[in-house]
> 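Okay, here's the structure, questions in a sec.
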Amino acid sequence: MNSSSAEIFTLHQSPQKNTESIIEINNLKISFGQQEVLKDVSFNLHKGENLVVLGKSGSGKSVLIKCITKLLQPDYGKITVLGEDVNSLEGKKLAELRKKIGFLFQSGALYDSMTVKENLEFPLSRMEQKFTKEEKYEKVISVLENVGLKDAVNKMPSELSGGMRKRIALARTLIVDPVIMLYDEPTTGLDPLTSREISKLINEVQQKYHTSSVIITHDMDCAKETGDRALILKDGTILAEGKLEELENSDDAWIKAFFGKT
Amino acid sequence: MGSYKYSSRAKDKTTFFSEIGNIAVFSGRTLRYTFSFPFEFREFLKQCYAIGNLSLGLVAITGAIMGIVLTIQSRPVLSDFGAEAMLPQMVAVSIVREIGPVITALICAGKVGSGMGAELGSMKVTEQIDAMEVSATLPIKYLVVTRVLAATLMVPILVVFADALGLLGSWVGTNIKGSVNIVLFFSHAFSSLDFIDLVPALIKSFFFGAVIGLIGCYKGYTAGKGTESVGVAANSAVVLSSLLIIIVDLVAVQITDLML
C-alpha cells in the first residue's frame, strides 16, 4: 500500500493464501483529458487469491484492470504482472504475458461473426503450440462442459442469453489455461439466479485452474461469494482494503452508505 | 499499442489537421503490419469474398445501367454533330477511363466502406477489439490489414466487371433506337481503346480500393463509445472515402495527362 495516500486504511490483514505477489501496482495514475480517473492507486494481488474491487460507477475500476493488460497506458506508476513490468513490454513479450491473463469483459465481448466454437478456437490459434482440429475440438468441448454449455457449441452469440454469453466468454478465457483472471463486472445485467451461478463459477475456476483473480463489481452478493479480500475505490484512490465483512462493518460514513447501511 | 490510443485521440476535439495526422499514423501502422508475419490468410480470403462476391450484383446492375444511360444521353448530342457512328468509341473511352472506376469506387465506398465502419465500430463499442488484443492478437493486423488488402485487390476486379457490363449496357442502349450487331459494336468500341486508357484506370482503382479499406477501418477503429458512434463511423466512412476517391481521381488524371 502507498503510505502517502492518507485516506487509505486497512481494516484487516488479508487472508493471503500465499504472499507471493502475482500483480503489483504502485502509484498508478491515469487521466483522460482534464479528468483524473486514477490518482494514486497501489495494491498487490497474491497468488491464489480472489481480490474484489468495489466502487461506484465511474470510480475507475474498469480502467484499473485495463491498465493491467496494457489496454490502457497509465500516465504514471508501475504495474508488475508475473514479474514483468507491463508498461515497458511491447510486441511479442506483451503478447506472451497476455496469453497468461484471462479477461472477462463486462459485455462478454464474444465475436459476433463467429460461432461459439470459432470464438473458443480463436485464442487457441494464437498460441505458439499448434493444435490439430481434433485437439482443438476436444479442448472446446472440455471448457464448455466446465461452464455447463456443451450444447451451445455451434450457436451464434446472438442466439445466447446474457448469462450464457458470460459463460461462453469465461470459457474462451479458460481455454488457454490462464494464470490470472480479470473479471470486469461479471454479474452486471444478469438476474439474481444467473448472477449466483456466475459467482459460483468464478470460485470453481479458481479451484480448478488455480488462478489468481481481480473481480471488479458493485454486486455485493457476487463480492461476498467470491472475494477473499476487497478494495474500495473512491474518486480514483483506494478508500479502504480488507476482508469484506469487516469493510461492511466500517465506521466510515461513505462505506456505510455504499453498503446501504444508512 | 492498443486501440485506445486512437479512441482517446478521437475523443478530443478533432481538428482537420489532427484527423489527417491520425489517418496518416493509422495508414503507416497498417502498411507496417502488412509486411509482417504471420499473414492472416483465412480472414483475408473471407474479406475478399465479402467485398468482391457480395458486391458483384450491385456493381453489375449499376454498370449496365450506367452504360445504357450514357448511351441514351450521348446519342442526340453526337447525332447533332453527325457523329453518331462514334457512339461506341465515345462510350468505351468514357466508361473505361473515368466513369467505370469512379462510379464503382463510390458504390464500394457506400457498401463496403460503411460496412467496415459499422462492423469495426460495433466491435469497438462491444469491446470485441479489446478482447482480441488481450487474446494476444493484433487487431490492426487481423481486422485492418486483411480488409484494406482485400478492398485494394477486389475494387479493381469489380471495376473491370463494371466496365464490361457498362459496355454491354451501352450496346443494349444503342439497340433501343436502331439495330447494331454486338460484334460490330464491340469492335468499334475497342478500336478507340489503347493500353494507356486501361492501365492508369486500373492503377487508380487499386488506390480507390485502398482508400475505401483504410478510411472504413479507420473510422470504425476510432469510433467512440455508445451505439450512436457506430452510425457516425459508418456515415463518416462513406463521406470521407467518397471525397478522397474524387481527390485521388483528380490527382490520377493530372498524372496521366502529364504522361500522355
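By convention in this document, chain letters (A, B, ...) are assigned in the order of the sequence lines, proteins followed by strands, and residues within each chain are numbered from 1.
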> Decide if atom OH of B:Tyr142 counts as having more than 12 heavy atoms of other residues, nucleotides or ligands within a radius under 6.0 Å.
yes

> Under the side-chain contact (heavy atoms from CB on, under 4.5 Å) criterion, do A:Phe105 and B:Thr126 qualify, and how do the steps go?
CA-CA 9 Å; A:Phe105 286 86; B:Thr126 55; over 6 Å; no

> How long is the straight-line distance from CG of B:Asp130 back to OG1 of A:Thr69, given to the nearest 0.5 Å?
8.0 Å

> How far does CG of A:Leu71 sit from CD of B:Glu127, to the nearest 0.5 angstrom?
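So the CG of A:Leu71 and the CD of B:Glu127 are separated by 9.0 Å.
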
> Would you mind checking if A:Lys70 and B:Glu133 are paired as a salt bridge, meaning a charged N to carboxylate O distance below 4.0 Å?
no

> Are there more than 12 heavy atoms of other residues, nucleotides or ligands under 6.0 Å from atom CZ of B:Phe39?
yes

> Using a 3.5 Å cut-off and no angle test, enumerate the donor-acceptor pairs between side-chain atoms of residues 74-84 of chain A and protein atoms at least two apart in sequence or in another chain.
{"from": "A:Asp75", "atom 1": "OD2", "to": "A:Ser31", "atom 2": "N", "distance (Å)": "2.7"}
{"from": "A:Asp75", "atom 1": "OD2", "to": "A:Ser31", "atom 2": "OG", "distance (Å)": "2.9"}

> Hey, is NZ on A:Lys133 packed in by over 12 heavy atoms from elsewhere, all under 6.0 Å?
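Not more than 12 within 6.0 Å, no.
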
> Count the heavy-atom pairs under 4.5 Å between each of A:Phe103, A:Tyr111, A:Phe122 and chain B, then report the option with the highest count.
A:Tyr111

> With a 4.5 angstrom heavy-atom cut-off, which part of A:Gln106 approaches chain B: side chain, backbone, both or neither?
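Both parts, backbone and side chain.
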
> So which atom in B:Lys46 and which in A:Ser113 form the shortest heavy-atom distance, rounded to 0.1 Å?
NZ-OG, 4.0 Å

> For A:Glu204, look at atom CD and say whether over 12 heavy atoms of other residues, nucleotides or ligands are found less than 6.0 Å away.
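Yes, CD of A:Glu204 has more than 12 neighbouring heavy atoms, counting only those of other groups under 6.0 Å.
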
> When you look at A:Glu121 and B:Arg42, which way does the salt bridge (Lys or Arg N to Asp or Glu O under 4.0 Å) test go after all the steps?
CA-CA 14 Å; A:Glu121 283 178 347; B:Arg42 276 185 66 183; over 6 Å; no

> Scan for side-chain hydrogen bond (donor to acceptor under 3.5 Å, both in side chains) pairs involving residues 168-180 of chain A, sequence neighbours excluded, and state none if there are none.
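As it turns out, the side-chain hydrogen bond (donor to acceptor under 3.5 Å, both in side chains) pairs with a partner in residues 168-180 of chain A, which skip direct neighbours, are A:Asn119-A:Arg172.
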
> At a heavy-atom separation under 4.5 Å, does A:Leu104 approach chain B through its side chain, its backbone, both, or neither?
neither

> Measure across A:Leu110 and B:Gln128 and return the closest heavy-atom pair with its distance rounded to 0.1 Å.
O-CD, 3.2 Å

